[in-house]
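See below for the structure under consideration.
Lettering follows sequence order; numbering is per chain, from 1. In this text the structure is predicted, and so the values were computed from the model without any measurement.
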Protein chains: 2
Amino acid sequence: MTGKLLGLDGCAVKVVDSARVEETRRRLVSRDEATKLSELFRLLGDVNRVRLLYALLEAGELCVCDLAATVDMAETSVSHALRLLRTAGVVRARRDGRMMFYRLEDDHIRLLLDLTRQHLQHDAPERKSAKKAKRRLRR
Amino acid sequence: MTGKLLGLDGCAVKVVDSARVEETRRRLVSRDEATKLSELFRLLGDVNRVRLLYALLEAGELCVCDLAATVDMAETSVSHALRLLRTAGVVRARRDGRMMFYRLEDDHIRLLLDLTRQHLQHDAPERKSAKKAKRRLRR
DNA sequence: GTCATATATGAACATATGTGCAGAGATTGG
DNA sequence: CCAATCTCTGCACATATGTTCATATATGAC
């Protein structure tokens with residue numbers, strides 16, 4: 001039942017349901033898009049950056065030193081982190097005098113942060129215990 | 001205008017708006033929660049794992065070898081990746097004979113993948129060009 | 001039982017990543 | 001102009017991470 005399929009690099013790979021594989025390959029996100037997706041997720045994949053983002057989610061807008069005080073980090077680290085987030089379009093900077101004020105870029109980001117937090121709050125505790133139905137998406 | 005605030009570690013940090021900082025600190029996600037959030041995001045922060053997840057999003061359920069064929073990876077790598085995703089509760093495994101079939105764990109994950117993809121499709125192109133209004137969340 | 005298949009695991013290596021330090025910009029006030 | 005303040009950047013180091021190879025487990029066929 002196991003068939004063969006010639007990959008793009010010419011390397012033979014075993015497949016079981018070649019029809020479904022072909023169909024999925026056609027619908028799959030492109031490598032470029034997948035790369036961008038993973039880059040965005042990787043940016044969110046750091047405790048300190050996450051804390052900065054959720055601080056901005058709560059506060060709306062904060063300057064670097066207040067962000068540092070809020071999440072209890074060195075200002076240099078905050079600056080490094082914010083540059084990455086800014087470059088990726090996750091946060092936006094506004095200068096006021098010698099201070100820079102940062103905020104989340106848009107509602108999409110806010111939704112993403114919110115949704116993920118809900119996911120952990122609803123599902124993680126269930127997985128630890130009896131793992132029951134977990135359908136709801138309320139707040 | 002710049003005040004001082006004694007951090008938890010006893011290190012003095014400069015603050016501008018100490019009231020807002022205090023308020024934000026109270027509302028901020030806990031360190032534990034932030035850690036879990038970042039761990040989840042970090043899992044999604046890899047091109048290959050992302051491609052696997054979006055393959056499952058399209059296909060519904062696939063065995064390891066078909067997943068490997070779909071995203072053009074070595075089966076060992078796929079297995080390693082799936083273990084991480086499984087441990088974190090992002091995917092779920094089902095055994096059928098000698099094969100293991102994987103699927104996304106729940107609708108929360110599907111929503112997360114979908115929302116993020118929408119974010120990149122709508123916002124990323126705009127940032128490259130003139131950066132206009134980007135409010136909509138349709139599909 | 002043996003063999004073949006499908007997947008999982010462990011270890012090792014190369015690379016990527018976050019952090020802190022030193023110093024550079026940028027802006028304000030005198 | 002200079003000094004002070006707030007933030008940014010480049011470099012270096014320690015750690016973390018993904019991938020590969022070899023091997024182990026598990027199931028089914030004979």
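Contact of the Asn48(B) side chain with the Ser77(B) side chain is not registered, since no non-hydrogen atoms from C-beta on lie closer than 4.5 Å. Proximity of Arg92(A) to Arg86(A): side-chain heavy atoms (C-beta onward) are nowhere separated by under 4.5 Å.
Every residue two or more places apart in sequence or in another chain that forms a side-chain hydrogen bond (donor to acceptor under 3.5 Å, both in side chains) with Arg27(A) is listed here: Glu23(A). Applying the side-chain hydrogen bond (donor to acceptor under 3.5 Å, both in side chains) criterion to Arg110(B), with sequence neighbours excluded, gives Asp107(B).
Distance Arg83(A) CZ to dG25(C) P: 15 Å, rounded to the nearest Å. Rounded to an integer number of Å, the gap from CE of Met100(A) to C1' of dT5(D) is 15 Å. Here dT9(D) presents its P atom at 15 Å from CD of Glu75(A), a figure rounded to the nearest Å. Atom P of nucleotide dC6(D) and atom CZ of Arg94(A) are separated by 16 Å, given to the nearest angstrom. To the nearest angstrom, C1' of dT19(C) lies 12 Å from CG of Leu84(A). Counting to the nearest Å, the P atom of dT17(C) and the CZ atom of Phe41(B) are 18 Å from each other. Per the geometry, CE belonging to Met99(A) stands 16 Å off C1' belonging to dC8(D), to the nearest Å. As a whole-Å value, the separation of Lys14(A) NZ from dA4(C) P is 13 Å.
Leu44(A) and Leu120(A) fall within the same hydrophobic cluster, defined by Ile, Leu, Val, Met, Phe, Trp and Tyr side-chain heavy atoms under 4.5 Å apart, directly or through other members. Under the 4.5 Å side-chain heavy-atom criterion for grouping Ile, Leu, Val, Met, Phe, Trp and Tyr, Leu56(A) is not connected to Val47(A) through any hydrophobic cluster.
Nearest-nucleotide positions on DNA chain C for Asn48(A) and Phe101(B) put Phe101(B) closer to the 5' end. In this structure, Asp96(A) and Leu82(B) both approach DNA chain C, and ranking their closest nucleotides by distance from the 5' end singles out Leu82(B).
Residue Ser79(B) is in base contact, counting any heavy-atom pair closer than 4.0 Å across all strands shown.
Contact between the side-chain N/O atoms of Tyr102(A) and the OP1/OP2 oxygens of dC6(D) is not found at any separation under 4.0 Å. Residue Ser77(A) places none of its side-chain N or O atoms closer than 4.0 Å to OP1 or OP2 of dG18(C). Note on Arg95(B): every side-chain N or O is 4.0 Å or more away from OP1 and OP2 of dA26(D).
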The contact string for nucleotides 11-17 of chain D, one letter per nucleotide 5' to 3', using protein heavy atoms under 4.0 Å with B, S and - for base, sugar-phosphate only and none, comes out as ------S
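Relative to the side chain of Ala74(B), the nucleotides dT7(C), dT20(D), dG20(C) differ in distance, and dT20(D) lies closest.
Using cut-offs of 30° and 60° on the angle between ring planes, the pair Phe41(B) and Phe41(A) is parallel.
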